[in-house]
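This report concerns only the one structure given below.
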Amino acid sequence: MAKEKLLLLKNIREANYKGDLDSYRKTGGFTALEKVLSAMKPEEVVEAVKDSGLRGRGGAGFPTGVKWGFMPKGTGKPAYLVCNADEAEPGTFKDHLLINEDPFLFLEGMIMGCYAIACHHGYIYIRGESIKSAEHLQRAIDSLYKEGLLGKNIFNSGYDLEMTLHRGAGAYICGEETALLESLEGKRGQPRVKPPFPAVSGYNACPTTVNNVETLANLPFIINEGAEAFKALGTPNNSGTHLVSISGHINQPGVYEVEMGVTIRELIDDYAEGVRDGKKLKALIPGGASSNVLTADEIDIPYDFDSLMKAGTMMGSAALMVFDEDTDIVELAYRTIRFFNHESCGQCTPCREGTNWLKHMIRDFMDDNGNGPMLERVDRVAEGMIGTTLCPFGDAAGAPIRIFVAKYAADFRNHFAQ
Amino acid sequence: MPSFFLDEQQIEFSQGESVLRAALRHGRDIPHYCYHAGFSVVATCRMCLVEITDMGNGRPMPKLQASCSTPAAEGMKVLSLSDKVRTAQNQVNEYLLVNHPLDCSICDQAGECTLQDVAYSYGSGLSEMNYEKRVYGWRDVGTYIMLERNRCIHCSRCERFSREVEGTSDFGMFLRSHELTFDTFEDHRIMHKFQGNLVDICPVGAITEREFRFKKRVWKLKKTESVCPSCSTGCNITIDHHRNHVERLKPRENQAVNRWWMCDEGRLGYRKLNARESRHLEPQARVKGKLEPAGWEAVYEAMANKIEEISAEGDAVLGIADTHATNEEMYLLKKLLADCFGGARAYFPFRPGTEPQTDRFLYTLITTDKSPNTQGAQAIGLLGDTDDTRLNSALAKGPKLVILLGMPCAGDKQVREAVSRAELIVLIATEKSAWDDVADIILPGLIYAEKAGTFTNKHRRVQRIQPAIAAPEHCREQCRIFVELREAMGQPLPLANARAVFEEMGGSDGPFGGLTWAEVGTLGVPLNGEKTAPAGA
Amino acid sequence: MTKFDKKTMTEVRALFKRYAVKVHALLPVLHLVQRENGGYIPEGWAHYVAELCQTTVNHVRGVITFYNMFRTEPPGKYHIMVCTSVPCGLCGGDKVLEHLEHRLNLAPGQTSKDGLFSLEEVQCLAACDKAPLIQINAEVHERVTYDQIDALIEEAYRKPA
C-alpha cells in the first residue's frame, strides 16, 4: 500500500490509540487551543486559516477563512458555529471515522473555530441514524465540560463556550447547510431561499457559519504548525490532506488520507489495492452519489477540486466508488435516482416530480422495458432538473443520470424491450 | 429611483424589491405559482425562472434564477422571454402536469387556473408520462371549502396563508419528495371565517368553494367592481354574475382597505342578492288599512297631495335613514327635509361597533357594525347617537310625517310605535320588514348590486359601488325616487343620478367637499383632508 | 399516558435550555417520545408535543412525516435496517434484503405479527466500506453474511421478549 500523508489520521493509525481525552492529550492535543485562547485574537485565527488556503471538506470546497470573514460584526446578535456532521452522501464515511475514533481532534478545531467567529454556543448536527456515534460524541463533549475545556472561562482566557449535540432524524437533505439550519430549528429540513446567506441570517436568524467535521479537524495542525506548513502539503489551491472514502468493488475499502495531487488510478491501485477479485474497472464515481461518473479511461487525472471539475465531475465529499466490469450501469443509475427520489425534500417542482418520473423510467429499463424515445426522455427529464432548483439537489440528482446515459448508452440499450 | 432592464424594458424598483415583484407592479407578467405578495417567499415552484445576463456589475449569473427571490439591482439585465428561460419554464410546467389529473372539464378553476393558462401557452399538448398518477380523494376540509389534492401543485400558498396570515396553521405540509402533501391534521375541519381566501390563493382547483362547486364556468361570469356591504370595513370586491344572477363575490386587491382578503360572511352575502321573495317588488299604498299595489305615478301623486294636506314642517316632519343607504341617498334625504319641510331633520341609528383588538390584520376585517355606511351618515350630518336619544326626543314631539330610508330601527318596537302615530309614513326600502305594518306608502328601492353610489367605511374612506345586475322591473333607484318625489311636490331638483349627486356634494364645503366621482375611482379616497388609517395599522 | 413522566420532563427542560426557543428542540423531543414509547410516536403525542414545544400540531406532524426515523406505527422489538443504496446495493445489500425478507417473511416496511421484527430498506448508513451492512436498532453489523444474519435472528428468537 502506498504511504498515507498522516495529518488527520495520525492518531487513528497508531495501533494502541484509544481516542479518549487522555490519549488525545498525550499526543499533544489542545496545545493549539491553549495557544489560540492565550495568545491569539479571533481575527488572527481567521487570518491564519485564510493564509492556509483550507477549503471546506463538506462538498463545495469553499475557502474556510473566507467563509468566516463573511460573518458580520457588531450586529448585536449572537454568532453561531454549526458543525455539519450529517454525513449522508452515499459513499462517504470519513467524518464518522473521525467522530468514532478521534473525536477530540475536530472538537478542538471546533472550539477554535467558535472562538474565531466570536461564537459562544456551537452546535454539532449529527445524522439521526448514527445512534452509537452520537452517544460516543456526547460522552466526548461531556468530558470536555468536565475538564473545563467547554463551559465558562476556558483555559482562564475569559472565553465561554457551550456546545450542543443535535441529532437529526433521517433526511439526507439536511446535509445542505440551510436545510440543516431549518432542522436545527425544529423544522422540516427544507433548504432556504438565499439570500440571505447563513453568515447574515442562519440559526435563529443570527450570523452563522456551517463547517464540516473534517474541515474543523484541520485547525489544530494549522495553528500548531502554521499556515505555511499546511500550504506546503498538497497542490496550490488544494492545500492540506484529504480524507478519501473508497468503497465499492475494491480490495481494501476504507478511508485514506492523501495529499491532493495523487491521481485517481493511484488511489485505486496503490492505496485501495485494486479492483476486487482481479476484475477490470468499469466505472468510477469520484465524489459521492451526486458527482458524475468517470469511465475507466478517464481516471489518470489528479484527484483534486479543480482537475475533477475540468473533467466534468467534482470532488464533492471525496467519496470514491469503484465499480467493476460486471456492473450494470442501469442498476447503478436506478439506485442513484431512487436514492435522490427518496431523499428529495419535495418543495421544488423539478426535483419533486423529476426524480420520481426518472425513477419510474429507469425502473422500466431494469425490467427490460426500455426503448429509444424513453432513453431520450430520461435525458430530457434529467436535464430539466439541472440548475432549476432552489438548492443544488436538482443538479446532484439530474447531472449524474445524464452522464450515465451519455457514457454508458450501451448498457441502457441492453435493456430495450425485445 | 433605481432601475433594471427586463427584456429591454426599463423597470424602476424600490430597495430590496424582487425582480418579480417590480415586474408585476409594472404590469409585466412572469409566470409564477408559489409567489404571492401577501406572504413569505419560498421560491419553490421554479416557474418564474429568468436569465440574468448582467447582475448590474457586468457579470452574468451562470444559472437561471427565480425572479421572486432575486433582489433587483441597479443596471441589472434580466431576460424573461429568452429561449433558455422558455425551455426551462416549459420543463417546469411539464413536471407539474405529470401528476395532475387534467380534469379541467369538471374543474371549477378552469378558466381562471394559472396552470391551465401556462399549459396553453407552453405545452406541447402531449403527455409523455405513462405511469400511474398520484391519486387522493376529495376531502371535506372546511365549512366553506373542499380539497381535491389530485390537482395540487404544491405551491404551499395554503400552508403559508394559514400560518402567516390567518394564524391557525390549519393547513400543514406533510411527508416529502413526490409524496409531499398539503392537508389538514387528520380529520380536523377548518372552521375559521376566512376560508374563501384559500380558494382565491390556490392557483389551481385544489381548494374550491363549497357553494360554487360545479355551478358555473367562470368564463361566463361578468365581473363588476364593488364594495362589500356586510360590515363597516368595506372590503373591495367584484360581483361575479351571469344573466342577472350573482354567482359569487370575490375580494379585489386594495392595499389601503382589505389587501387581498375578505371574510366568508361577506362572500355569502351573494345569496341575498338573488333573493326575490323577501323584496318589495312594486310600490304599495295603504287603502282602508291594507297595503295595495299601485303604480309609481299614482303613488307620487297621492303622496304629494297628502303632504300638501298635512302641510307639516320643522319638528313635525322627520326622516330616519339606516346605515345601509349610500352617501348620496342620505344626502338627498337630508336635503329634501331641509329644502321642502322648513328645515326638518334626518336621523339615523349610530352604531359604530368596536374595532377588533388583534395584531392579525385579517381579523380586523370583520367589524361588529354590520352596515357599510355609518361613517357616511355622520359625515353627511344626519343626527344620531348610540342610544337614539335625539331620535326618541324628536319622536316624542309627535311628528305628522315620517320618511324612512331603508329599515332603520326596524327591530325597535318603541320607535315603531312612536312613528306609527304619524299621519303619513313613507318607507323607501328594498326588503320586507316590521316597518311594512306601519308604512302608508312603500317605495321599492334597489339593493347595492343594482345601483351606483358611494359608502364611507370605518376608516372614513369613500368607496364606490356600481350596478352589476338589473333591478326587478318595478323597483327604482333611491336617488331617482327622491328626485321624482320632489318633481311631484313641485320642488324639482335636477340631479340625474348618483354621480350627479356626489358631484354636488363635492362642490360644497364639508367632509365631501372637493371630492370627485372620478377621483373616488375603483379604490376609493379618504374624506376631504383626512387620512384613513392604512390597512393593518 | 400521553405525557412524559417526571424524569423525562427533566431531560426535556434541560433540552429547552440548549436552544434559543423551545420549538428548536422539537427533533430531540420527538426522539424522546420514541424512546419512551417503544420506538414510535403513538396517536395523541403530536398534540402533546406541540403544546410542550409551543408550536402547532401541523408543524409537529409536518416534522414527523418529513424525517425517516420518526414512525407513527410501532416497529418490531428488533428493527432491522438494510442499506440498498449506492454502493451497498451493488455490493450485496440487495441480496441481504432479499434474504431477510425470505427469512422473516416480511416485506420492507412491515412488522412481524409477534412484534419481534420489523424490516426497513434504508438509504446509506455512512459505512459504505463495510458493505453489505445492516443496522439492528442502534447496532451496526458490518460485512454481514447470510450465516451471521441467521445467527442474529436465532438469537433474537431465543431471548425472552
Side-chain angles (χ1 to χ4, degrees), chain A residues 170-174 179 182 187-196 337-364 369 371 373-374 376-378 380-395 397-398, chain B residues 16 18 32-35 40-49 51 61-66 68-71 84-85 87-100 115 127-134 152-156 159 163 172-182:
Chain A
Y172 163 79
I173 190 62
C174 291
E182 287 284 290
K187 299 181 193 149
R188 297 161 59 83
Q190 297 175 162
R192 295 175 180 172
V193 177
K194 285 167 277 188
I337 196 62
R338 201 182 53 163
F339 169 78
F340 284 115
N341 175 234
H342 187 264
E343 297 299 331
S344 164
C345 82
Q347 62 174 346
C348 291
T349 307
C351 191
R352 176 182 66 244
E353 305 295 344
T355 54
N356 188 38
W357 194 2
L358 281 173
K359 183 182 75 178
H360 279 300
M361 287 191 282
I362 299 175
R363 177 77 236 182
D364 263 356
N369 221 355
N371 56 53
M374 194 191 282
E376 281 169 35
R377 199 177 305 137
V378 166
R380 179 172 67 80
V381 172
E383 186 187 6
M385 288 155 57
I386 301 171
T388 55
T389 53
L390 181 71
C391 80
F393 194 102
D395 298 32
Chain B
S18 69
H32 59 275
Y33 299 109
C34 68
Y35 172 81
S40 63
V41 170
V42 289
T44 53
C45 77
R46 313 309 290 174
M47 195 63 201
C48 69
L49 293 171
E51 190 176 350
M61 291 281 235
K63 287 180 179 179
L64 297 178
Q65 299 292 317
C68 64
S69 62
T70 306
K84 202 175 162 191
V85 171
T87 308
Q89 288 178 338
N90 187 12
Q91 185 64 71
V92 170
N93 216 55
E94 184 182 11
Y95 290 137
L96 287 175
L97 290 169
V98 292
N99 270 303
H100 188 82
L115 184 67
S127 171
E128 294 195 346
M129 148 80 182
N130 32 20
Y131 303 98
E132 270 186 39
K133 298 191 178 201
R134 275 192 295 265
C152 175
I153 57 164
H154 307 89
C155 70
S156 82
E159 191 265 344
R163 183 162 44 86
M173 193 173 186
F174 306 129
L175 297 166
R176 72 178 196 208
S177 188
H178 63 281
E179 292 176 322
L180 178 73
T181 175
F182 294 85

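Labels below follow one simple rule: chain letters A, B, ... track the order of the sequence lines, proteins then strands, and each chain is numbered from 1.
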Counting distance only, does the side-chain N/O of [X] pair as donor-acceptor with the main-chain N or O of [Y] below 3.5 Å?
{"X": "B:Arg176", "Y": "A:Gly346", "result": "no"}
{"X": "B:Arg134", "Y": "B:Asn99", "result": "no"}
{"X": "B:Thr181", "Y": "B:Phe174", "result": "no"}

Please classify the contact between [X] and chain B as side chain, backbone, both or neither, with a heavy-atom cut-off of under 4.5 Å.
{"X": "A:Lys187", "result": "neither"}
{"X": "A:Gln190", "result": "side chain"}
{"X": "A:Met374", "result": "side chain"}

Using non-hydrogen atoms only, which part of [X] is less than 4.5 Å away from chain A: side chain, backbone, both, or neither?
{"X": "B:Ala66", "value": "neither"}
{"X": "B:Leu96", "value": "both"}
{"X": "B:Pro62", "value": "neither"}
{"X": "B:Met47", "value": "neither"}

Chain A shares the most heavy-atom pairs under 4.5 Å, among B:Lys63, B:Gln91, B:His178, with B:His178
With A:Met361 as partner, the option from A:Val378, A:Asn356, A:Ile337 fulfilling side-chain contact (heavy atoms from CB on, under 4.5 Å) is A:Val378
Is a salt bridge present between A:Arg380 and B:Glu94, judged by a nitrogen-to-oxygen distance below 4.0 Å?
-> yes
Greatest number of non-hydrogen atom pairs under 4.5 angstrom with chain B, of A:Ile173, A:Thr355, A:Asp364, falls to A:Asp364
Of A:Glu343, A:Arg352, A:Arg192, the largest count of non-hydrogen pairs under 4.5 angstrom with chain B goes to A:Arg352
Taken in chain and number order and not counting sequence neighbours, the residues that satisfy ring pair (Phe, Tyr, Trp, His ring centres under 6.0 Å) with B:Tyr95 are none
Contacts of B:Cys34 meeting side chain to side chain contact (heavy atoms under 4.5 Å, CB included) (sequence neighbours excluded), chain-then-number -> B:Val42, B:Thr44, B:Cys45, B:Cys155, B:Arg160
